[in-house]
Amino acid sequence: MAEILQKEILPRVSLTAVHTSKFKSSYMSLQFLAPLREETASLNALVPMVLRRGTERCPDMQALSAALDELYGGTIEPAIRKKGSSQCVGFAASFLDDVYAPDGSAILDAAADLLGELLLSPATGGQGGFLPAYVEGERANLVDRIRAQINDKRQYAAQRLNQLMCREPDRLGDESHAAAITGEPLWERYQALFGCPIQVYYAGSAPFELVEAAFRRALSGLGSHSAAAVSPAVIVPLPEAATQSHEEAMDVTQGKLGLGFRCGVRLIDPDYPAMHILNALFGGTTTSKLFLNVREKLSLCYYASSQYDKFRGLLLVSSGVEFDKRRQAQEEILTQLENCRRGSIEPWELEAAKRSAVSATLTMLDSQSRMEDFWLGQSVMAGGGPEELAARYEAVTMDEVVAAAQKVTLHTVYFLKGKEENTHGH
């Protein structure tokens with residue numbers, strides 16, 4: 001079992017370090033945890049993209065590439081994620097583990113320094129603000145990324161369902177806000193981010209005290225960036241409400257039906273493992289009720305699956321349907337949930353759901369990036385490690401799954417239909 005250290009190493013800076021000798025590379029990340037708000041989402045998302053363009057010492061991509069090459073071809077990428085109501089923006093990086101450095105050089109120290117440098121001393125050309133060319137170039141990239149999301153209709157429909165339920169922006173913000181960003185407000189936003197908690201992550205073979213020392217030194221310049229403290233995002237549970245329905249028409253050949261349920265059980269709640277297993281059993285796996293019945297047996301959907309948002313206590317079903325099968329598909333999805341509520345669950349279904357949940361949790365230990373993403377989530381809402389969670393999933397009983405299903409209530413129905421269908425329907 002990997003050893004984990006979680007500790008505050010500087011004011012508002014928390015470190016999660018995983019001691020492991022499983023990989024040839026070490027993995028690091030550095031993130032601001034900012035509240036996700038419509039007016040700042042695109043600004044926050046753009047900050048790491050612009051910071052990644054250059055630092056005072058390495059003022060352009062070429063100089064940065066040279067610095068990374070010296071570290072045996074390490075990589076540092078901007079990272080923009082959403083965990084509950086927190087927008088996590090910063091960098092994720094991968095470097096050769098010190099153990100494998102041919103000349104015994106301390107890559108950890110140099111890598112941490114470079115991350116600190118990207119965060120704390122951006123290239124300004126002596127102008128006291130971001131370089132206009134970098135802001136313009138990355139703003140165009142951000143707008144392209146936001147536009148590209150609508151091209152993947154399956155992802156777009158899932159995202160819209162989430163927005164309609166939570167009344168919150170996407171992790172990248174929206175196109176109109178992004179397109180309007182200019183250098184000065186972006187620079188102000190960058191300074192304001194220093195009021196947010198910072199989460200540092202490291203996984204590799206270095207001893208904890210060396211990791212802590214490396215990041216303390218790399219971030220020692222934080223003091224010169226003083227900003228008003230921002231309190232961490234609070235996740236407000238969705239209020240109970242009558243089911244709301246939304247339809248949208250687009251040029252699509254296949255309908256996208258999304259059902260959003262409230263379940264009110266979150267990562268910190270004692271019945272979290274049961275809800276996690278219920279999701280696997282209901283729609284989270286290829287042995288689930290939605291997959292085997294709605295998709296395979298009845299052929300009502302091209303795809304049908306459910307996802308559990310453990311930060312907010314939501315269960316989200318996405319499906320692709322023929323326009324004329326929409327009602328039937330919706331009824332069948334609800335019937336399968338009703339079967340779970342009534343306990344019409346075969347022992348093999350529960351076994352398969354548990355096996356799938358346990359193996360997905362433990363295989364995470366084989367991927368540096370998935371492990372980092374997992375611990376970032378656990379730092380937003382305190383939860384245990386993968387092995388501990390796997391053991392809790394293993395122990396879930398049929399009665400607990402049925403009790404979890406009874407907490408699930410329909411909150412929002414979203415349907416993305418074709419434009420043609422619109423005209424025939426009236």
Side-chain angles (χ1 to χ4, degrees), residues 4-19 26-34 44 47-59 63-64 67-68 70-71 74-81 83 86-95 97-98 105-124 130 187-204 206-232 368 372-373 375-376 378-380:
I4 314 279
L5 168 82
Q6 288 178 300
K7 168 175 193 185
E8 187 166 359
I9 55 169
L10 290 163
R12 289 211 297 273
V13 181
S14 303
L15 167 69
T16 297
V18 178
H19 187 264
S26 60
Y27 202 92
M28 307 170 199
S29 68
L30 197 57
Q31 333 263 320
F32 289 113
L33 269 43
N44 288 344
V47 167
M49 294 168 70
V50 173
L51 290 176
R52 178 60 182 80
R53 289 291 293 268
T55 68
E56 263 174 37
R57 182 176 66 95
C58 307
L64 270 176
L68 287 165
E70 277 173 37
L71 297 175
T75 60
I76 297 180
E77 296 299 334
I80 305 152
R81 285 168 288 182
K83 300 281 178 195
S86 295
Q87 187 184 15
C88 312
V89 297
F91 305 102
S94 177
F95 291 93
D97 198 297
D98 280 8
S105 59
I107 302 175
L108 164 63
D109 288 344
D113 284 346
L114 189 53
L115 274 171
E117 200 181 313
L118 278 164
L119 193 72
L120 300 169
S121 42
T124 58
F130 291 126
W187 182 255
E188 282 170 18
R189 189 67 219 141
Y190 161 62
Q191 299 299 342
L193 278 171
F194 286 97
C196 297
I198 294 177
Q199 189 64 38
V200 178
Y201 174 88
Y202 167 86
F208 290 141
E209 54 274 17
L210 291 187
V211 177
E212 184 181 336
F215 281 105
R216 268 176 185 267
R217 196 190 57 247
L219 297 174
S220 58
L222 272 173
S224 60
H225 289 265
S226 58
V230 176
S231 39
Q368 286 275 47
E372 183 271 342
D373 190 63
W375 281 109
L376 177 64
Q378 305 303 86
S379 68
V380 168

Would you find a donor on one side and an acceptor on the other, under 3.5 Å apart, between the side chain of [X] and the backbone of [Y]?
| X | Y | answer |
| --- | --- | --- |
| Asp98 | Ala106 | no |
| His225 | Leu120 | yes |
| Arg53 | Pro122 | no |
| Tyr202 | His19 | no |
| Arg217 | Asp113 | no |
| Arg216 | Leu10 | no |

To the nearest 0.5 angstrom, please state how far the [atom1] atom of [X] sits from the [atom2] atom of [Y].
| X | Y | atom1 | atom2 | answer |
| --- | --- | --- | --- | --- |
| Ser379 | Gln6 | OG | CD | 8.0 Å |
| Ile198 | Glu8 | CD1 | CD | 11.0 Å |
| Leu115 | Met28 | CG | CE | 6.5 Å |
| Ile80 | Cys88 | CD1 | SG | 11.0 Å |
| Ile107 | Glu70 | CD1 | CD | 12.0 Å |
| Thr75 | Tyr27 | OG1 | OH | 7.0 Å |

Do [X] and [Y] have side chains that get closer than 4.5 Å, going by heavy atoms?
| X | Y | value |
| --- | --- | --- |
| Leu108 | Phe95 | no |
| Leu114 | Leu68 | yes |
| Lys7 | Phe208 | no |
| Tyr201 | Leu376 | no |
| Leu219 | Leu30 | yes |
| Phe91 | Leu51 | yes |
| Leu33 | Cys196 | no |
| Ile4 | Trp375 | yes |

For residues [X] and [Y], report the shortest heavy-atom separation together with the two atoms involved.
| X | Y | result |
| --- | --- | --- |
| Ala112 | Ala218 | O-CB, 3.2 Å |
| Arg189 | Asn44 | NE-OD1, 2.7 Å |
| Arg12 | Gly195 | NE-O, 3.3 Å |
| Ser224 | Gly221 | OG-O, 2.8 Å |
| Cys58 | Leu64 | CB-N, 3.8 Å |
| Ala93 | Ile76 | CB-CG1, 3.7 Å |

Let me see the working for Leu193 and Val47 under side chain to side chain contact (heavy atoms under 4.5 Å, CB included), right down to the final yes or no. CA-CA 9 Å; Leu193 278 171; Val47 167; 4.0 Å; yes
With side chain to side chain contact (heavy atoms under 4.5 Å, CB included) as the test, would you mind laying out the steps for Val200 and Val211 before giving the verdict? CA-CA 10 Å; Val200 178; Val211 177; over 6 Å; no
Side chain to side chain contact (heavy atoms under 4.5 Å, CB included) between Leu119 and Phe32, intermediate numbers included: CA-CA 10 Å; Leu119 193 72; Phe32 289 113; 3.6 Å; yes
So Phe130 and Tyr190, would you call those rings parallel, tilted or perpendicular, with 30° and 60° as cut-offs?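 It falls in the tilted class, 30° to 60°.
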Evaluate the criterion side chain to side chain donor-acceptor pair (under 3.5 Å) for residue pair Thr16 and Gln199; output intermediate values, then yes/no. CA-CA 8 Å; Thr16 297; Gln199 189 64 38; 3.1 Å; yes
